[in-house]
J.: 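Sharing a structure, written as structure tokens. Questions coming.
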Number of protein chains: 2
Amino acid sequence: MRKKQPTQADVAKLAGVSQSTVSIILNPQGKDHLLISDETRERVQAAIQELSYVINPAARTLAGGQNRLIGVCINGSAFPLDQHGFYHPYLVGIEEACIGHDYDMLLFTRSDGGEGARSIYRNGLNHLRIADGSILLGLENKEELARLMKEEYPFVFIGKREVPEGAISYVAADYYTGTKAVLMKMLGMGHRQTAFFYRLYNDATKDRERGYLAALANRTDPGLLHVKRQLTDKEITPAYCREVLDAGVTAILVEEPVMAHAFIEAARLIGRTSPADFSIVALSDNDLAYLPPAILHELVMLKIPKLAMGAAAVQILDQMIAQRHKPQEPVQITIPVTFSEGSTIGPHFVRREI
Amino acid sequence: MRKKQPTQADVAKLAGVSQSTVSIILNPQGKDHLLISDETRERVQAAIQELSYVINPAARTLAGGQNRLIGVCINGSAFPLDQHGFYHPYLVGIEEACIGHDYDMLLFTRSDGGEGARSIYRNGLNHLRIADGSILLGLENKEELARLMKEEYPFVFIGKREVPEGAISYVAADYYTGTKAVLMKMLGMGHRQTAFFYRLYNDATKDRERGYLAALANRTDPGLLHVKRQLTDKEITPAYCREVLDAGVTAILVEEPVMAHAFIEAARLIGRTSPADFSIVALSDNDLAYLPPAILHELVMLKIPKLAMGAAAVQILDQMIAQRHKPQEPVQITIPVTFSEGSTIGPHFVRREI
DNA sequence: CTGAAAGCGCTTACAG
DNA sequence: CTGAAAGCGCTTACAG
């Protein structure tokens, strides 16, 4: 049987003061704190020592209204067995920022509906509310997001998400500027025929596509060719590769490093290499664990600032929580991206037909 | 303006019942639960949906209920940057078991006192109590453990911990049996002169040492030599290696794989190899990321069942939480270990002096 | 400077 | 079957 813990009332009795005096002494930020005499303070501290009193966090939370809990809802496992967690870098940033802002981190494992796919409204019940605010990673269910929004629960999405019902707060990587910049650079190197291959057409793809198109917008050269299409990994065959290259494409942008890897391998089989025959760049740095080290060093990749994104999400949430009694506008942040050094991009020299 | 969160009172009003009826419905384990009519239950559930009500964990805790929250307090980062987290495999097991037992997982990031070292009683406040029970990993501060114990807060330590104040619940790897078994095997292979090198003398070392001594206990052969000492990584030099081997030691047990690696390297420099000249085994599989792949495959290592240990901790805690109103005995579990296949152990043939 | 009191949102006897 | 009420241990106006 668990004994009852000493309470502020016990401390107060021992020190010969009222319970509220104990509370005031224990909350130095309160405005009454300065008014307590040193002599009283010492008597109370002594009583606290004497009883080894510790404050009851649940009671404090209940009386004060906050949990100092930030929820994290991932569409998958936070601790995957293979350690190459897609979400890991975000979580690193989140954990660090939680420490910095004095929050505990609540992983919503209960929202697991099996197969690792997670849902906010399991049992039709938003139990995110247990946390003062939550960070959402990779949830695809836009209906749930819309519903969360309507409930005015403070949450921040990591990655861009647009729902028809209105603006939600998010922290995204600036794929638009990144993609535009790298393509501009390639155009500046003499490339004229370009291709953009994506895997799934999602909100991030949309931004990359906008960047891609923006870089091309001012080009009026005749004879330009711009391929843009969805491509599954299996479709990246030597034959398709030959088709693309023979059509004259020399600058290739793919969304994922593994796509770039597949492309480079396929090209090698038909005797084409990068950057001699074509330049290629990956517009993310996901799933690097699946690439051979050689490719890892060669490939030019867009580096997603995952740590910074995680940390920014906590910061935004912290502000939302602090101002939770005032009207709130959604906060949407895009963080600049950089590119890794690599050798898969080079100048294009027009071959002269003889 | 964010609205106040809906409470049971709001739900009750909407459903036209009393607040306590809502509470009873929300706590199916209570004895009154069966007495509520289906019709009432449905009306209340509908109201809950309608308002997106979710229970306030602080209030529930304060009033004596449960949160379905399992706390995890690690002495370090749960999401370290390099992804080779020492704690990662435990966390995998904990997360899985939390899903299985329907708990959310609360990472106590607030207990970080800087430098990643974490403390339960930061500000003299045990805020673990917001969780129904907690799992502790790697905390070295035995005073804090003793204090936690006195408070009768349900917690389980991962790894063996003994404090003078009494028994605490833990889940440990069975180093004793593992060490004893592997040494028995080596003795069976003809080894007579053995050495046991450890790094820090902690509770796990103590168990390994007991296993080591137990295996030797029945040996009465004359001329036995048993070295046992603490060894820092830097002390593992070719010179020391020569000293040990020339003294006649042929069976070496080291606590950490990196120690084994250092030993093998040092031995190679003086022309001795394993298993021809000596047999060596590591009594853990920690920090494998720092070993070259070749060693990884050769070295015989004790495999710590980290996933199983994490999962077992959750299970124990779940039972402690369920029985929290009854007197509790500490639960101490040791989980059997296995050894990896490897080639660093072999038979010893006595060399005949000519 | 200090205390009495309301209230945070629940659970759980207790009474009907 | 359901409700009124006490109480969990705090914080925070409010009153002296």
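Every chain is numbered from 1 and lettered A, B, ... according to where its sequence line falls, protein lines coming before strand lines.
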J.: Quick one: is dT2(C) close enough that its OP1 or OP2 comes under 4.0 Å of any side-chain N or O from Thr21(A)?
T.: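 So the side chain of Thr21(A) is outside the cut-off, no N or O lying under 4.0 Å from OP1 or OP2 of dT2(C).
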J.: Round to the nearest Å and state the distance from Lys13(B) atom NZ to dT2(D) atom C1'.
T.: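 Between C1' of dT2(D) and NZ of Lys13(B): 19 Å.
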J.: May I ask you to verify if any side-chain N or O of Arg60(B) is less than 4.0 angstrom from the OP1 or OP2 atom of dT11(C)?
T.: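 It does, given that an N or O in the side chain of Arg60(B) lies less than 4.0 Å from OP1 or OP2 of dT11(C).
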J.: For the side chain of Ala59(A), counting heavy atoms from C-beta on, which of dC10(D), dT2(D), dA4(C) is nearest?
T.: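 Between dC10(D), dT2(D), dA4(C), the one nearest the side chain of Ala59(A) would be dC10(D).
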J.: What is the separation between atom CD1 on Ile24(A) and atom P on dA13(D), rounded to the nearest whole Å?
T.: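 The answer, rounded to whole Å, is 11 Å.
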J.: Please report, rounded to the nearest Å, how far the C1' atom of dT2(D) is from the CZ atom of Arg41(B).
T.: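 In whole Å, dT2(D) C1' and Arg41(B) CZ are 13 Å from each other.
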J.: Touch check for Ser23(B), heavy atoms < 4.0 angstrom, all strands: base, sugar-phosphate only, or nothing?
T.: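 Ser23(B): base contact, heavy atoms under 4.0 Å.
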J.: Would you call the rings of Phe79(A) and His88(B) parallel, tilted or perpendicular if under 30° counts as parallel and over 60° as perpendicular?
T.: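 The arrangement is perpendicular - the two ring planes meet at more than 60°.
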J.: Does any N or O in the side chain of Asp132(A) come within less than 3.5 Å of the main-chain N or O of Ile70(A), such that one atom is a donor and the other an acceptor?
T.: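 No: the side chain of Asp132(A) does not pair with the backbone of Ile70(A).
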J.: Rounded to whole Å, please give me the gap between OH in Tyr53(A) and C1' in dG9(D).
T.: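 About 7 Å, once rounded to whole Å.
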J.: Looking only at the side chain of Ala63(A) (C-beta and beyond, no hydrogens), which of the listed nucleotides dC1(D), dT11(C), dG7(C) gets closest?
T.: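 Nearest nucleotide to the side chain: dG7(C).
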J.: Could you tell me how far apart Gln8(A) (CD) and dC10(D) (C1') are, to the nearest whole angstrom?
T.: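 Rounded to the whole Å, the gap is 6 Å.
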J.: In terms of side-chain geometry, is the basic nitrogen of Glu39(B) or Arg43(B) positioned less than 4.0 Å from the acidic oxygen of its partner?
T.: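 So Glu39(B) pairs with Arg43(B) through a salt bridge.
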J.: I want to check one thing: is the phosphate of dG9(C), taken as OP1 and OP2, less than 4.0 Å away from some side-chain N or O of Thr7(B)?
T.: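 Answer no for this pair, as no side-chain N or O of Thr7(B) is under 4.0 Å from OP1 or OP2.
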J.: Looking only at the side chain of Gln19(A) (C-beta and beyond, no hydrogens), which of the listed nucleotides dT11(D), dG3(D), dT11(C) gets closest?
T.: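 Looking only at heavy atoms from C-beta outward on Gln19(A), the closest nucleotide is dT11(D).
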J.: Looking at every strand, decide which applies to Ser20(A) at a 4.0 Å heavy-atom threshold: base, sugar-phosphate, or nothing.
T.: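 Here Ser20(A) touches the bases of the nucleic acid.
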J.: Ile36(A) CD1 to dC1(C) C1': how many Å, rounded?
T.: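 After rounding, the reported distance stands at 7 Å.
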J.: Just wondering, more than 12 heavy atoms not from Gln49(A) lying within 6.0 Å of its CD?
T.: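 Counting neighbours around CD of Gln49(A), 12 or fewer heavy atoms of other residues, nucleotides or ligands fall under 6.0 Å, so no.
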J.: Send over the distance from Leu62(A) CG to dG9(C) C1', rounded to a whole Å.
T.: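 Spelled out: CG on Leu62(A) to C1' on dG9(C) is 5 Å.
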J.: Within this structure, what is the CG-to-P distance between Asn56(B) and dC10(C), rounded to whole angstrom?
T.: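 Whole-Å distance recorded here is 5 Å.
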J.: Atom NZ of residue position Lys142(B) - does it have more than 12 heavy atoms of other residues, nucleotides or ligands inside 6.0 Å?
T.: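 More than 12 within 6.0 Å, yes.
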J.: In the structure shown, which nucleotide is the Watson-Crick or G-U wobble counterpart of dG3(D), with both distances under 3.5 Å?
T.: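 dC14(C) is the nucleotide pairing with dG3(D).
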J.: Base, sugar-phosphate, or nothing for Thr40(B), non-hydrogen atoms under 4.0 angstrom?
T.: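 The residue Thr40(B) makes sugar-phosphate contact but no base contact.
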